[in-house]
Enquirer: 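Could you have a look at this structure, given as structure tokens, before my questions?
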Amino acid sequence: MISSNQIEQFYRQGAVTIDTPLAAEQLQAAGTALDRMLSQTDPPRRRASQTCSYFDEELLEIIVHPFFEEVAKAVLFSRAVRLLQTAIVTSFPETGAKFEFDQHIDMQYSWEDLHDRPSRAVCSFFLWLTDVTLDSAPLMYRPGSHLPLIEEWGRRSELSGQIPRVIGIKLEELPDFSTAEAQPLLARAGQATVLTTAMIHGASTLTGDQERKVFVLTFHDAGVTIGLPEQQRATKQNYDRILRQRVPADRVHLITDHDTGDCP
């Protein structure tokens, strides 16, 4: 499932790629669902995405798959986890385009948040529905870059009571410190990269001729409050209410019940 060495790599480097038990048929069905929802428009766009806005059976089956729950529990040293958010992303070929990539973070938390047990960080899965090669828009990341950042966030008194939280910050707006050079995350279809988006990372240009598809699932410990921007919070609440009606009864515990108070 996930080894202790792989969990250590998650904490030290911020990302580790693992195998999943998903069958080729499940990956193909999920990819077809993305085809229905994410299309290249005219004029063409490089990437299309949606967040917490779909209820296709092919995707729900993956959201509630016990594998992701158990790995998230192991990574966060948690007895129970909840789904925070999901996203679907398709990157499209850009013939003749120069390879480039974005660099940012999506999450703030402190050293104590990461290392307390259970962890108050989040566990994100980038489930690759297609192979990820150097020419198919690999996710770029700076290994270990989350560590000096989370130390800095913990020192800032103005963040007390606000973190852990989801917040997008671009590279140029981050504190200035040396990090490892950005590296590509390569993977096979059916593998999942377990990562923290508190690490500097970003999408890259698809210079090849095959679309790249990814399904992002994020979990947190059930007892932890993760701050969200107001619009994302409202979207999550609406999404969770419908999800609780759509998923099997024995998997509904993964979805926050905002009406009874089981919510962050």
Side-chain angles (χ1 to χ4, degrees), residues 1-2 7 10-11 14 16 18 20-22 30 50-57 59-88 106-110 112-127 146 150 161-168 192-199 214-264:
M1 187 171 292
I2 187 168
I7 293 173
F10 168 86
Y11 279 86
V16 60
I18 63 175
T20 76
L22 299 182
Q50 289 187 33
T51 302
C52 296
S53 59
Y54 32 79
F55 304 96
D56 303 69
E57 290 298 327
L59 301 182
L60 294 185
E61 179 180 293
I62 293 174
I63 290 173
V64 300
H65 196 292
F67 173 82
F68 299 103
E69 176 187 12
E70 294 305 315
V71 171
K73 285 163 62 176
V75 169
L76 299 175
F77 298 90
S78 171
R79 293 184 177 182
V81 294
R82 299 286 184 271
L83 180 73
L84 180 63
Q85 292 176 309
T86 74
I88 53 174
D106 295 306
M107 185 83 192
Q108 278 183 318
Y109 50 77
S110 70
E112 290 75 19
D113 290 331
L114 180 63
H115 291 285
D116 278 355
R117 299 294 179 259
S119 173
R120 292 188 295 274
V122 301
C123 177
S124 293
F125 297 90
F126 280 51
L127 172 63
H146 60 301
I150 64 177
Q162 297 189 46
I163 57 175
R165 67 177 178 179
V166 173
I167 183 172
T193 299
V194 187
L195 61 83
T196 170
T197 57
M199 171 188 64
V214 61
F215 190 15
V216 182
L217 313 170
T218 300
F219 294 86
H220 63 92
D221 177 74
V224 172
T225 297
I226 303 295
L228 289 171
E230 179 56 31
Q231 184 174 355
Q232 291 187 36
R233 186 186 67 81
T235 298
K236 171 180 170 55
Q237 288 185 350
N238 292 333
Y239 190 57
D240 286 348
R241 288 191 177 100
I242 300 175
L243 275 182
R244 287 182 61 84
Q245 300 172 15
R246 300 289 184 88
V247 302
D250 64 341
R251 307 302 294 155
V252 74
H253 63 274
L254 289 174
I255 316 300
T256 296
D257 187 345
H258 300 273
D259 297 323
T260 65
D262 174 25
C263 61

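The model shown is predicted, which means the values in this text are computed figures rather than measured ones. Each residue takes its place number in the sequence, starting with 1.
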Enquirer: For N238, give me all partners under side chain to side chain donor-acceptor pair (under 3.5 Å), at least two apart in sequence or on another chain.
Expert: none
Enquirer: How close do P248 and V64 get, heavy atom to heavy atom, and via which atoms?
Expert: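 Reported closest heavy-atom pair: CD-CG2, 4.4 Å.
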Enquirer: Where the side chain of Y11 meets the backbone of V75, is there a donor-acceptor pair that is under 3.5 Å apart?
Expert: yes
Enquirer: Roughly how far apart are L195 CG and T218 OG1, rounded to 0.5 Å?
Expert: 8.0 Å
Enquirer: Taking only residues two or more places apart in sequence, or in another chain, which ones meet S53 in a side chain to side chain donor-acceptor pair (under 3.5 Å)?
Expert: Q50
Enquirer: Determine, step by step, whether T256 and K236 satisfy the side chain to side chain contact (heavy atoms under 4.5 Å, CB included) criterion, reporting the C-alpha distance in whole Å, the side-chain angles of both residues, the deciding distance to 0.1 Å, and the verdict.
Expert: CA-CA 9 Å; T256 296; K236 171 180 170 55; 4.1 Å; yes
Enquirer: Using modelled atom types and a 3.5 Å cut-off, is there a donor and acceptor pairing between side-chain atoms of T51 and backbone atoms of A87?
Expert: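 Not confirmed, T51 side chain does not pair with A87 backbone.
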Enquirer: Hey, are the side chains of D221 and S119 touching, using non-hydrogen atoms and a 4.5 Å cut-off?
Expert: no
Enquirer: Apply side chain to side chain contact (heavy atoms under 4.5 Å, CB included) to residues H220 and R82 and explain how you reach the verdict.
Expert: CA-CA 6 Å; H220 63 92; R82 299 286 184 271; 3.6 Å; yes
Enquirer: Please say which of I18, L22, I62 ends up in a side-chain contact (heavy atoms from CB on, under 4.5 Å) with F67.
Expert: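 The side-chain contact (heavy atoms from CB on, under 4.5 Å) with F67 is passed solely by I18 among I18, L22, I62.
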Enquirer: Could you pull out all residues at least two apart from F68 that satisfy ring pair (Phe, Tyr, Trp, His ring centres under 6.0 Å)?
Expert: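 F68: ring pair (Phe, Tyr, Trp, His ring centres under 6.0 Å) contacts with F125.
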Enquirer: So with a 6.0 Å cut-off around CZ of R117, is the heavy-atom count from everything else above 12?
Expert: yes
Enquirer: Got a second to check how far E70's CD is from S78's OG, nearest 0.5 Å?
Expert: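 Atom-to-atom, E70:CD and S78:OG are 10.0 Å apart.
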Enquirer: With heavy-atom distances below 4.5 Å as the criterion, would you say the side chains of P21 and H65 are in contact?
Expert: yes
Enquirer: Closest approach of I242 and F55, non-hydrogen atoms and distance?
Expert: CG2-CE2, 3.4 Å
Enquirer: Any donor-acceptor pair under 3.5 Å linking the side chain of R120 with the backbone of P164?
Expert: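 Judged by distance alone, no pair lies under 3.5 Å.
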Enquirer: Is T20 close to V71 at the side-chain level, that is, under 4.5 Å between some pair of heavy atoms?
Expert: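 Not touching, per the 4.5 Å side-chain cut-off.
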Enquirer: Which heavy atom of D240 sits nearest a heavy atom of I255, and at what distance?
Expert: O-CG2, 3.5 Å
Enquirer: Just so I know, are the side chains of R241 and Q237 near enough to count as touching, which here means a heavy-atom distance under 4.5 Å?
Expert: yes
Enquirer: Which distance, rounded to the nearest 0.5 Å, do you find between the CD of E57 and the CD1 of I63?
Expert: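 Reported to 0.5 Å precision, the distance equals 10.5 Å.
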Enquirer: If I compare all heavy atoms of V247 with all of V252, which pair ends up nearest, and what's the gap?
Expert: CG2-CA, 3.8 Å
Enquirer: Which value, rounded to the nearest 0.5 Å, describes the distance between Q108 atom CD and I167 atom CD1?
Expert: 5.0 Å
Enquirer: Which residues pass the salt bridge (Lys or Arg N to Asp or Glu O under 4.0 Å) test with E230, not counting sequence neighbours?
Expert: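 Applying salt bridge (Lys or Arg N to Asp or Glu O under 4.0 Å) to E230 gives R233.
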Enquirer: Please identify each residue that fulfils side chain to side chain donor-acceptor pair (under 3.5 Å) with R251, with sequence neighbours left out.
Expert: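 Once residues adjacent in sequence are excluded, the partners of R251 under the side chain to side chain donor-acceptor pair (under 3.5 Å) criterion are E69.
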Enquirer: Please assess H146 against L114 for the test side chain to side chain contact (heavy atoms under 4.5 Å, CB included), listing each intermediate value before the final yes or no.
Expert: CA-CA 10 Å; H146 60 301; L114 180 63; 4.3 Å; yes
Enquirer: Looking only at heavy atoms, what is the nearest atom pair of V194 and C123, with distance?
Expert: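 Where V194 meets C123 most closely, the heavy atoms are CG1-SG, 3.6 Å.
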Enquirer: Let me confirm one number: the NE2-CZ distance from H258 to R244, rounded to the nearest 0.5 Å.
Expert: 9.0 Å
Enquirer: Taking side chain to side chain donor-acceptor pair (under 3.5 Å) as the test, write out the residues that go with T86, two or more places apart.
Expert: Y54
Enquirer: Please tell me whether Y109 and T196 have a donor and an acceptor in their side chains that are separated by less than 3.5 angstrom.
Expert: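 Judged by distance alone, the side chains do pair up.
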Enquirer: Once you round to the nearest 0.5 Å, how far does CG of L84 lie from CG of L254?
Expert: 13.0 Å
Enquirer: What are the two closest heavy atoms between L59 and I88, and how far apart are they?
Expert: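 Scanning both residues completely, I find the closest heavy atoms to be CD1-CG2, 4.1 Å.
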